[in-house]
Q: 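Here it is, the structure, as structure tokens.
Here is the naming used below: chain letters follow the sequence lines, and residue numbers restart at 1 for every chain.
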2 protein chains.
Amino acid sequence: MDDVDRGLLALLQADATRTYADLGREIGLSAGATHERVRKLRAAGVIRRTTVDIDPAAVDLDVLAFVTVDSVAWIGDSGPAFAAITEIQEAHVVAGAASVLLKVRTTSTGALQDVLRRIHAIAGVSSTQATIALDTFFERPTPTGGTPAHDGTGPDER
Amino acid sequence: MDDVDRGLLALLQADATRTYADLGREIGLSAGATHERVRKLRAAGVIRRTTVDIDPAAVDLDVLAFVTVDSVAWIGDSGPAFAAITEIQEAHVVAGAASVLLKVRTTSTGALQDVLRRIHAIAGVSSTQATIALDTFFERPTPTGGTPAHDGTGPDER
DNA sequence: GACGTCGTCGAATCATATTCTGTATTCATT
DNA sequence: AATGAATACAGAATATGATTCGACGACGTC
């Protein structure tokens, strides 16, 4: 992986609908060469997926909360149990007092409460602590070290 | 927005490279009708962007940390200051003891320390507490209520 | 019943994705 | 230094998909 690849990744993160000709003009390659590089980045798993970023409010997901989950037993194998709760967007095993940290999106605080109830039902879970996000400064893609024409700094960046 | 739109969103989250004909076959519309619906979803800002999901380890971002930031003054206007630190992927204003919660990706714990130093330099910041993620169960797109053929449950879902 | 609006289909046109060939460069081997 | 292999690229050709538009049906209103 070189600077050309990093540059392509950054450009594709910014807008994955661009044509290979367009990307190639900006990065200094032909459409075919660009196509081949992107194909290899996908094959190597560097690009895991092409996806669309959706405004949560547009699908009525008005509540974002971060939940720390404490346990009385090892729950390092509980990934599938957390995954079964669709409102959980991310789940990370963390060092420290809590053992799992969750990013949860729901339509209301009542729905969040229901999610907490279902988390408690997972074997080994002793307690949860939810922190509600009042506002989001920004959510942007994983930094890659490449430099797109515009660095995404928030939801208004398209 | 109806169930067809939600279904399209879910399918596009799973794989935004699918053709309109392919999407249409699954959702029960022609390619043209599917194209028109997606165009409207973009125009309405429901789809904020088409992007690629990148494996952080592939770009040497081996450390993920969640940082809570306490303040002695209002830092609700400090979004741009946080955004200027490229290693910060997300920044949320939260209720509770800490006022801002950050998702940070770095190449090493040493680099994380450097990021913490730069966060401390932001006016109003009194202290930070970093929680390092030892493992990630999954990170998946914002739930939309639609049902793709496969629900993304982790990085191996392509 | 007439009319207007909206969403869709199917087809035509335009644009892009994909593949392939030839060439140049780099690297390893002799 | 010469040679061969591997890699990357440009350009062109072909196949496929994106986009647009006219026609039609459903629905709501008058």
Q: Rounded to whole angstroms, how far apart are CD on A:E36 and P on C:dT19?
A: 9 Å

Q: Is any NZ, NE, NH1 or NH2 atom of the basic residue among A:D15 and A:R18 found under 4.0 Å from an Asp or Glu carboxylate oxygen of the other?
A: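 Answer for the salt bridge query: no.
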
Q: What nucleotide, of D:dT19, C:dG7, D:dC9, holds the atom closest to the side chain of B:Y20?
A: D:dT19

Q: Taking the nucleotide of DNA chain D with the nearest heavy atom to each, does A:G32 or A:K40 sit closer to the 5' end?
A: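 In this pair, the answer is A:K40.
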
Q: Checking contacts here: which listed nucleotide (C:dG7, D:dC9, C:dT8) is nearest the side-chain heavy atoms of A:A33?
A: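 The nucleotide sitting nearest to the side chain is D:dC9.
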
Q: Among D:dA10, C:dT8, C:dT16, which is the nearest nucleotide to the side chain of B:L29?
A: C:dT8

Q: Could you state the atom-to-atom distance from CG of A:L23 to C1' of D:dC9 in whole Å?
A: 16 Å

Q: Tell me what B:T19 touches on the nucleic acid: a base, only sugar-phosphate, or nothing, going by heavy atoms under 4.0 Å.
A: sugar-phosphate

Q: Hey, are A:D60 and A:R105 close enough for a salt bridge, meaning a charged N less than 4.0 Å from a carboxylate O?
A: no

Q: Between C:dT16 atom P and A:R18 atom CZ, what is the distance in whole Å?
A: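 Checked: the CZ to P distance equals 12 Å.
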
Q: Side chain of B:R37: nearest nucleotide among C:dT16, C:dG7, D:dC9?
A: C:dG7

Q: Output the single nucleotide from D:dT20, D:dA8, C:dA17 whose closest atom is nearest the side chain of B:H35.
A: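 The answer is D:dT20.
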
Q: Find the distance B:L8:CG to C:dG7:C1' and express it as a whole number of Å.
A: 14 Å

Q: Distance check needed: C:dT18 P versus A:R42 CZ, whole Å only.
A: 9 Å

Q: A:D22 CG to C:dA17 P: how many Å, rounded?
A: 10 Å

Q: So do the side chains of A:H92 and B:F66 get within less than 4.5 Å of each other, counting heavy atoms only?
A: yes

Q: What I want to find out is whether B:E87 reaches B:K103 closely enough, with some N-O distance under 4.0 Å, to be called a salt bridge.
A: no

Q: For A:R25 and C:dT16, give me the distance from atom CZ to atom C1', rounded to whole Å.
A: 12 Å

Q: Could you tell me if the side chain of A:V94 sits less than 4.5 Å from the side chain of B:I132, heavy atoms only?
A: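 SC-SC contact between B:I132 and A:V94 ruled out.
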
Q: Could you state the atom-to-atom distance from CG of A:D2 to P of D:dT7 in whole Å?
A: 15 Å

